[in-house]
Amino acid sequence: MNTTPKAYLQITLDIDAANRADAAKVYTTYKEPFLKNISGAISKELLIRDQDVQVLHGFSSVLKAEAYLESELFNNDVVVGLKDLLKSEPEVRIYSAN
């Protein structure tokens, strides 16, 4: 299996500092199911900055990253777990890595 991502899904979350521990719990809860069950998933990292929180997902292809956004894990678990913590809509970007 190739462990070098060919695509990245970056989700930027606007979450108050007081709620970041709860957001980190959502990340931790779904990291392993993401890596084990999502086709093409290679990596998942939580990046914390003063102004926001980002989750960087590595995939084997852009198509796999796009498919994850339509998955039950993303929509029924991750989105539901984060919805009450968000101050605004997340910023979602997909990048191709060469």
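Nothing here was measured: the structure is a model prediction, and the numbers come from that model.
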List the steps, then state whether side chain to side chain contact (heavy atoms under 4.5 Å, CB included) holds for Leu85 with Asp22. CA-CA 8 Å; Leu85 305 175; Asp22 290 333; 3.8 Å; yes
Before you tell me yes or no, could you show the steps for Ile38 and Leu73 under side chain to side chain contact (heavy atoms under 4.5 Å, CB included), namely the whole-Å CA-CA distance, both residues' side-chain angles and the distance that decides it to 0.1 Å? CA-CA 8 Å; Ile38 297 298; Leu73 177 68; 3.9 Å; yes
Residues Lys64, Glu66; criterion salt bridge (Lys or Arg N to Asp or Glu O under 4.0 Å); working and verdict: CA-CA 5 Å; Lys64 298 292 187 181; Glu66 291 169 343; over 6 Å; no
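Taking Glu45 as the reference, nothing meets the side chain to side chain donor-acceptor pair (under 3.5 Å) condition, with sequence neighbours excluded.
Under the 6.0 Å cut-off for aromatic ring centres, His57 and Tyr8 do not qualify, their centroids lying 6.0 Å or more apart. For Phe34 and Phe74, the gap between ring centers reaches or exceeds 6.0 Å.
A distance of 5.0 Å separates CD in Glu91 from OG1 in Thr12, rounded to the nearest 0.5 Å. Taking CD1 of Ile48 as the start and CD1 of Ile15 as the end, the distance is 9.5 Å to the nearest 0.5 Å. Here the CG atom belonging to Asp16 is positioned 12.0 Å from the CG atom belonging to Asp52, to the nearest 0.5 angstrom. The structure places CG of Leu86 at 9.5 Å from CG of Asn19, a figure rounded to the nearest 0.5 Å. In this structure, OG on Ser60 lies 10.0 Å from NZ on Lys6, to the nearest 0.5 angstrom. Note that the CG atom of Leu9 and the OH atom of Tyr95 stand 10.0 Å from one another [nearest 0.5 Å].
No more than 12 heavy-atom neighbours from other residues, nucleotides or ligands sit within 6.0 angstrom of CD on Glu72.
The closest donor-acceptor contact from the side chain of Tyr27 to the backbone of Lys44 lies under 3.5 Å. One N or O on the side chain of Asn75 and one on the backbone of Leu69 form a donor-acceptor pair closer than 3.5 Å. Judged purely by atom type and a 3.5 angstrom limit, Ser71 uses its side chain to pair as donor or acceptor with the backbone of Tyr68.
Checking each of Val55, Leu56, Val92 against Gln10 for a side chain to side chain contact (heavy atoms under 4.5 Å, CB included) leaves exactly one that passes, namely Leu56. None of Val53, Leu82, Ile11 except one satisfies the side chain to side chain contact (heavy atoms under 4.5 Å, CB included) rule with Pro90; the exception is Ile11.
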